Protein chains: 2
Amino acid sequence: MHLDVKGLAKLHDPVARETRVIDLGAPCKVCAIRHAASESQLSEEDETHLLSIASNVQLASGQLLFAESEAAEHLYSVVEGTMRLYKMMPDGRRQITGFLFPGDFLGLADDNVYAYSAEAVGRCSLYRYSFVQLRQLIGRYPEMEHKLCAIARHELAEAQDQLLLLGRKTARERVASFLVMLLERAARHGQEGDRLTMPMTREDIADYLGMATETISRTFTEFRSQGLIATDHVKDVTLLDRDELETIASGLD
Amino acid sequence: MHLDVKGLAKLHDPVARETRVIDLGAPCKVCAIRHAASESQLSEEDETHLLSIASNVQLASGQLLFAESEAAEHLYSVVEGTMRLYKMMPDGRRQITGFLFPGDFLGLADDNVYAYSAEAVGRCSLYRYSFVQLRQLIGRYPEMEHKLCAIARHELAEAQDQLLLLGRKTARERVASFLVMLLERAARHGQEGDRLTMPMTREDIADYLGMATETISRTFTEFRSQGLIATDHVKDVTLLDRDELETIASGLD
DNA sequence: CGTGAAGTTGAGTATGCTCAACGGTGGTGG
DNA sequence: CCACCACCGTTGAGCATACTCAACTTCACG
């Protein structure tokens, strides 16, 4: 089905792994707090508690943050940039389980082992929280556990939507769902209008939607020729007929 | 791709919804506690706390417990029988997001709304815990929130495995994965050996693996003719070559 | 302006779906 | 207890969707 030989190369050609970690000094804190708080769903108070144990991590484009089945020692939140989470099969087939944007958390692990690998899509800045310190923090502020639980439940709901997409939707429906989802996400983060920027490659999108890159390309072209979208640049899309795209996404076309 | 017209009928033909709810009297408690505790991953102490707010629900075969996007008022755990969780598309396409067995929890909701519908595969017995009382319980025993969080994280990890299956695995790989997963589950619940019983129909399996029932059938036949499995009855399978099935499941065949 | 990666387009094909017929099985009622 | 019936499962034939392979174009970056 997908004997992607290029994938094999990727497996054995990881981008160097040293991460630039910066302990947050007082001045950095102030400007960074506002940014993170405005994006995430946490209360400002929780943000402040979390930041007290945070350090900052900078990733180069394509750099690996952690790998699947590694011991999970840190929780992360995205400050700036986009992350991709994925699982690999031994022959190089890849399934991207999610894209993360500023305010999103990653690293919640089952059995203290990461369930997926995490890589930076472009340059990326994150906060890092050690689980050890996090547990102490929860000891003092038990309601923070509830927030973590809410994050996990939210991720779970998103994963289940994706199960429906991968198991039962057609190519058109998948791409339409993807576009609508990205636009909703952008709106939730304050971006108004029908334009959106997709920082990831066609291959990333393909591996997220369970398709081949060529089919992604063809579907974009089809949508363009039907007046549903316009692409100023390859990665900048305008949703010209959002209603129709939502109809397609839900399978009613 | 999947314009299943029969599905439409199903949509409007729900099994009656009255659930038999039994408040647990003292004698019932004693025998039931042991059963639930032996199956679930919770400590006996947590079990006891939970049971103090539990009532028992009995479902007939095919009966709906709750529907997607309904207000979530109760958490449930399976005592006996099998549950299927699923999402539907407007035209009747269905994606089963999971099968649940004794000891499993269901009903953890994002935004206080169920993310999926839940139905009994055969006759089914469950415990029901109201979220209101659960919150009080957590107030007294805060570490119980941590257990709920662990359940959510575990569900999340399982959903992500399923994403890889649905997005990137072939028919053979999906069915092999399914069989191996069921056997591991049976083993975790104390069932030894290579035999397992699948209480769900081929259609259920198909909707879980993102395939057509015919392809499920054909794949079982193929596995049988290759000496990988034996089927005494349609729903009773013996895994004759578990190693090979695991190899196929992971994509190395 | 050159080079390599990313994206698009085309042609042919394979995997798994649809439609259809048939066989088995389990549950119900006579 | 047996017979019937509906549902479930299996098998076959043909086909559609989306994949593979390949060539070409565009874009980003030095």
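Order of the sequence lines sets the chain letters (A, B, ...), proteins ahead of strands, with each chain counted from 1. Predicted model, so just to flag it, every value in this text is computed and none were measured.
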Item to check | Gap between atoms CD and C1', on B:Glu203 and C:dT18 respectively (whole Å) | outcome: 15 Å

Checklist entry - Rounded to the nearest Å, what distance is computed from the CD atom of residue B:Glu173 to the C1' atom of nucleotide C:dT15? => result 12 Å

Item to check | Nearest-angstrom distance from the residue atom CG of B:Leu209 to P of C:dG16 | outcome: 12 Å

Item to check | Length of the CZ-P vector between B:Arg168 and C:dT15, whole Å | outcome: 16 Å

Item to check | Presence of salt bridge, A:Asp161 and A:Lys169, under 4.0 angstrom | outcome: no

Could you write out each protein N or O paired with an N or O of nucleotides 10-12 of chain D at a distance under 3.5 Å?
residue, atom, partner, partner atom, Å
D:dT10, OP1, B:Arg202, NH2, 3.4
D:dT10, OP2, B:Arg202, NE, 2.9
D:dT10, OP2, B:Ser217, OG, 2.4
D:dT10, O5', B:Ser217, OG, 2.9
D:dT11, OP2, B:Thr221, OG1, 2.5
D:dG12, N7, B:Arg218, NH1, 2.8
D:dG12, O6, B:Arg218, NH2, 3.2

Checklist entry - With sequence neighbours left out, what residues match A:Phe178 under ring pair (Phe, Tyr, Trp, His ring centres under 6.0 Å)? => result A:Tyr208

Next on the checklist: In whole Å, I'd like the distance from the NZ atom of B:Lys235 to the C1' atom of D:dC8.
Outcome noted: 8 Å

Checklist entry - How long is the line joining CE of B:Met211 and P of D:dG9, in whole Å? => result 14 Å

Item to check | Length of the line joining B:Asp236:CG and D:dG9:P, which is rounded to integer Å | outcome: 13 Å

Next on the checklist: Whole angstroms only, please: what is the CG-P distance between A:Asp232 and D:dC27?
Outcome noted: 12 Å

Next on the checklist: Using a strict threshold of under 4.0 Å (side-chain N to carboxylate O), is an ion pair present between B:Arg168 and A:Asp207?
Outcome noted: yes

Checklist entry - Taking side chain as C-beta onward, heavy atoms only, is B:Met83 less than 4.5 Å from B:Cys124? => result yes

Checklist entry - Hey, does the side chain of B:Gln63 reach the backbone of B:Ala60 with a donor-acceptor pair shorter than 3.5 angstrom? => result yes

Checklist entry - Is the shortest side-chain N/O distance from A:His233 to OP1 or OP2 of D:dA28 below 4.0 Å? => result yes

Checklist entry - Can you pull the ring-ring contact (aromatic ring centres under 6.0 Å, His included) pairs that have at least one residue in residues 218-250 of chain B, sequence neighbours excluded? => result none

